[in-house]
J.: 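So that we are looking at the same thing, I have put the structure below in structure tokens.
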Amino acid sequence: MGRFKNTKYLNAIQKGIMAWSSENPRHLPWKDNRDPYQIWVSEIILQQTRVEQGLPYYLKFMERYPTLLDLANSTEDELMKIWEGLGYYRRARHMHQSAQIIVQQYDAIFPQNYSDILQLKGVGSYTAAAIASFAFDLPYVVVDGNVIRLISRLFALVDPVDDPSVRKEIENLASMLLDKTDPAFFNQAIMDFGAIQCKPVHPECNHCPLQEKCQAFQKDMVNLIPAKKEKKPRKTRFFYYLVPYKDEFFYIRKRSTTDIWSGLFEFYLIEFSEEVDWSKILPNVDLPIKRVHRQQNKYKQQLSHQIIQAEFLTVELIDDISILERDKYTRVKRKKIRNFAFPKVIDCFLKDKDVILNLH
DNA sequence: AAGACGGGGGT
DNA sequence: ACCCCAGTCTT
């Protein structure tokens, strides 16, 4: 592989990527934009998220928080409502914290050098490089999923790309490829190239400008690269939600920071590691239940590391709600329930429930 | 070095 | 059912 790490070869690849990009421009709201705040927002939203999925959230976000000060002055709960359904909710909480740090420590001026940007919560090497290059023309190369795939194929790296040593090698190669005279254009180009030309499945090798430079193509190994380590099987968790209400109020609670969906709200949760019948659960529930609704709702959700099977049972309470207050549950008007951010399974439940209870 | 963290879309 | 996605943080 070493013989391909020469200037002439790397230069040809660099020029090929940039020429391709000139011929295949991509138009997105955050492109041709030098505002570090807007770039930051778009990059955080797009972490592990497809452009098509993130775009509507970006538009909604910028409408509600046009400036960094708007974000810093918001509440975390309102921000979570904007983020609802997008996943990886830690991103939103980190953004909120970072916005307030920028206001306090940088006088609301977005930091303008790589190491300061990298210090921000939720900003790693990829996002720092993206902001530094797009907003400030600083020569830091972006290494995202697209770049990892493209480089591992170009240089026929057969070892797992999620191995730290391989990852390091990819970052070295990417740095050598970077056009330091125009890092913003190059970074955009290499990501676009990976996303559109060097796709994960069915890459456009038959009309690829880098075909003869691509070691994977030359060795007929494109479909074997990038290699990944084996993944562990997902565990299934069984969530049994009681949906307590009394008069016009629901009782909900914010989830802790040590589990999935932290910062989102939920109802009264009893969790098991296996399927359980409600008849076994209800007698042991510590709630002053007056009446149990007949309607039961079941949902299944696949997450990246676990599978959630959730069941919902609505219950009417009698007067004594001290148990709920002790456990940090708060009451909210039933018609205001949609002002709070919920995980997808609860969102699905509420959508079905709307029909039944005619909420809103 | 490995695990955790969401949800949607493609095959 | 499995893979991937404009990754980052924690242990």
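Just so we're on the same page: letters track the sequence lines, and every chain starts at 1. What you are looking at is a predicted structure, and each value in this text was computed from that prediction instead of being measured.
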J.: Among the candidates dA6(C), dG7(C), dC5(C), find the nucleotide nearest to the side-chain atoms of R90(A).
T.: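 Between dA6(C), dG7(C), dC5(C), the one nearest the side chain of R90(A) would be dG7(C).
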J.: Between H94(A) and E43(A), which is nearer to the 5' end of DNA chain C once each is assigned its nearest nucleotide?
T.: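 Its nearest nucleotide being more 5', the pick is E43(A).
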J.: Would you please confirm or rule out a distance under 4.0 Å between OP1 or OP2 of dA4(B) and any side-chain N or O of K232(A)?
T.: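 K232(A) to dA4(B) OP1/OP2: no side-chain N or O under 4.0 Å.
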J.: With no hydrogens and no angle check, do the side chains of R93(A) and S262(A) hold a donor and an acceptor under 3.5 Å apart?
T.: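 Checked: R93(A)/S262(A) side chains pair up, N/O donor to acceptor below 3.5 Å.
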J.: Taking the P atom in each of dT10(C) and dG6(B), what is the distance between them to the nearest angstrom?
T.: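 Per the computed distance, 14 Å lies between those P atoms.
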J.: Under 4.0 angstrom, heavy atoms only, what part of the nucleic acid is G85(A) near: base, sugar-phosphate, or nothing?
T.: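 Touches sugar-phosphate only.
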J.: Over how many whole Å does the gap from L303(A) atom CG to dC5(C) atom P extend?
T.: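 So the two atoms are 19 Å apart, to the nearest Å.
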J.: Within the 4.0 Å heavy-atom criterion, would you say V123(A) contacts the bases, only the backbone, or no part of the nucleic acid?
T.: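 Since only primed, P, OP1 and OP2 atoms lie under 4.0 Å of V123(A), the category is sugar-phosphate.
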J.: Can T75(A) and D77(A) be counted as having a side-chain donor-acceptor contact under 3.5 angstrom?
T.: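 No, no side-chain donor-acceptor pair sits under 3.5 Å.
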J.: Contact class for I44(A) (heavy atom, under 4.0 Å): base, sugar-phosphate, or nothing?
T.: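 Touches nothing.
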J.: Does T49(A) contact dG6(B) through a side-chain donor or acceptor facing the base, at a distance under 3.5 Å?
T.: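 In this structure, the two groups form a donor-acceptor pair.
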J.: Does the structure show a Watson-Crick or G-U wobble partner for dG6(B), both distances under 3.5 Å? Name it, or say none.
T.: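 Base partner found: none.
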J.: Could you check whether L55(A) gets within reach of a base, just the sugar-phosphate, or nothing at all, counting any heavy atom under 4.0 Å?
T.: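 No contact.
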J.: Angle class for the W278(A)/Y240(A) ring planes (parallel below 30°, perpendicular above 60°, tilted otherwise)?
T.: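 Perpendicular.
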J.: Just call it for Q301(A): base, sugar-phosphate, or nothing, with non-hydrogen atoms closer than 4.0 Å on any strand.
T.: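 Touches sugar-phosphate only.
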J.: Without decimals, in angstroms, what is the distance between L46(A) CG and dC4(C) C1'?
T.: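 Nearest whole value for this atom pair: 15 Å.
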J.: Could you give the CZ-to-P distance, from R50(A) to dG7(C), as a whole number of Å?
T.: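 Distance check: R50(A) CZ to dG7(C) P gives 11 Å.
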J.: Find the distance D192(A):CG to dC5(C):P and express it as a whole number of Å.
T.: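 My rounded result for the distance is 15 Å.
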J.: Let me spell it out: for each of D144(A) and Q302(A), pick the nucleotide of DNA chain C with the closest heavy atom. Which residue's pick is nearer the 5' end?
T.: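 Taking each residue's closest nucleotide, the earlier one in sequence belongs to Q302(A).
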J.: Looking across every strand, which nucleic acid part, if any, lies under 4.0 Å from W30(A) by heavy atom: base, sugar-phosphate, or nothing?
T.: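 W30(A): base contact, heavy atoms under 4.0 Å.
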J.: Check the phosphate of dC5(C) against R149(A), side-chain N and O only, distance under 4.0 Å to OP1 or OP2. Yes or no?
T.: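 For dC5(C), OP1 or OP2 has a side-chain N or O of R149(A) closer than 4.0 Å.
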J.: When you compare dC5(C) with dA1(B), how far apart are their C1' atoms, in angstrom units rounded to a whole number?
T.: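 My reading of the C1' atoms in dC5(C) and dA1(B) gives 23 Å.
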J.: Counting any heavy atom closer than 4.0 Å, what does T127(A) reach on the DNA or RNA strands: base, sugar-phosphate only, or nothing?
T.: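 The answer is sugar-phosphate, as T127(A) gets under 4.0 Å only of primed atoms, P, OP1 or OP2.
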J.: Expressed as a whole number of angstroms, how long is the span from L224(A):CG to dC3(C):P?
T.: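 Result: 15 Å.
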J.: Closer than 4.0 Å, any side-chain N/O of K121(A) to the OP1 or OP2 of dT8(C)?
T.: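 Result: no.
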J.: Rounded to whole Å, how long is the line connecting atom CD1 of I45(A) with atom P of dG7(C)?
T.: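 These atoms are roughly 13 Å apart.
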J.: Does Y89(A) have a side-chain nitrogen or oxygen under 4.0 Å from the phosphate oxygens OP1 or OP2 of dG7(B)?
T.: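 The answer is yes; a side-chain N or O of Y89(A) sits under 4.0 Å from OP1 or OP2.
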J.: Tell me whether K351(A) is salt-bridged to D347(A), with the criterion being a basic N under 4.0 Å from an acidic carboxylate O.
T.: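 Result for this pair is yes, salt bridge flagged.
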J.: For G87(A) and P164(A), take the nucleotide of DNA chain B holding the closest heavy atom to each; which residue's nucleotide lies nearer the 5' end?
T.: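 Comparing both residues, the 5'-ward one is P164(A).
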J.: Where the side chain of Q53(A) is concerned, which of dA6(C), dG7(B), dT8(C) is the nearest nucleotide?
T.: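 Nearest listed nucleotide: dG7(B).
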J.: Are Q47(A) and T127(A) close enough that a side-chain donor and a side-chain acceptor fall under 3.5 Å?
T.: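 Looking only at side-chain atoms, T127(A) and Q47(A) do form a donor-acceptor pair, the distance falling under 3.5 Å.
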J.: Provide the distance between the two P atoms, one in dT11(B) and one in dA6(C), to the nearest whole Å.
T.: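 It comes out at 14 Å once rounded to the nearest Å.
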J.: Quick one: label D163(A) by what it contacts on the DNA or RNA (base, sugar-phosphate, nothing), any heavy atom closer than 4.0 Å.
T.: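 Nothing, no nucleic acid heavy atom in range.
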J.: Test Y241(A) against every option in E271(A), E266(A), E311(A) by the side chain to side chain donor-acceptor pair (under 3.5 Å) rule and name the one that passes.
T.: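 Only match with Y241(A) under side chain to side chain donor-acceptor pair (under 3.5 Å): E266(A).
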J.: In a check of side-chain contact (heavy atoms from CB on, under 4.5 Å) between S152(A) and each of V158(A), V166(A), V161(A), which one passes?
T.: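 That would be V161(A); it is the only one of V158(A), V166(A), V161(A) passing the side-chain contact (heavy atoms from CB on, under 4.5 Å) with S152(A).
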J.: Closest approach to the side chain of S304(A), judged atom by atom: which nucleotide of dG8(B), dC5(B), dC4(C) is it?
T.: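 Of all the options, the side chain of S304(A) is nearest to dC5(B).
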J.: Which is true for R26(A) with a 4.0 Å heavy-atom rule: it touches a base, it touches only sugar-phosphate, or it touches nothing?
T.: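 Contact class for R26(A): base.
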J.: Please state how far atom CG in N187(A) lies from atom C1' in dA6(C), giving the value in whole angstrom units.
T.: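 These atoms are roughly 11 Å apart.
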J.: Using whole Å, report how far CD of E230(A) lies from P of dA2(B).
T.: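 Value for this atom pair: 12 Å.
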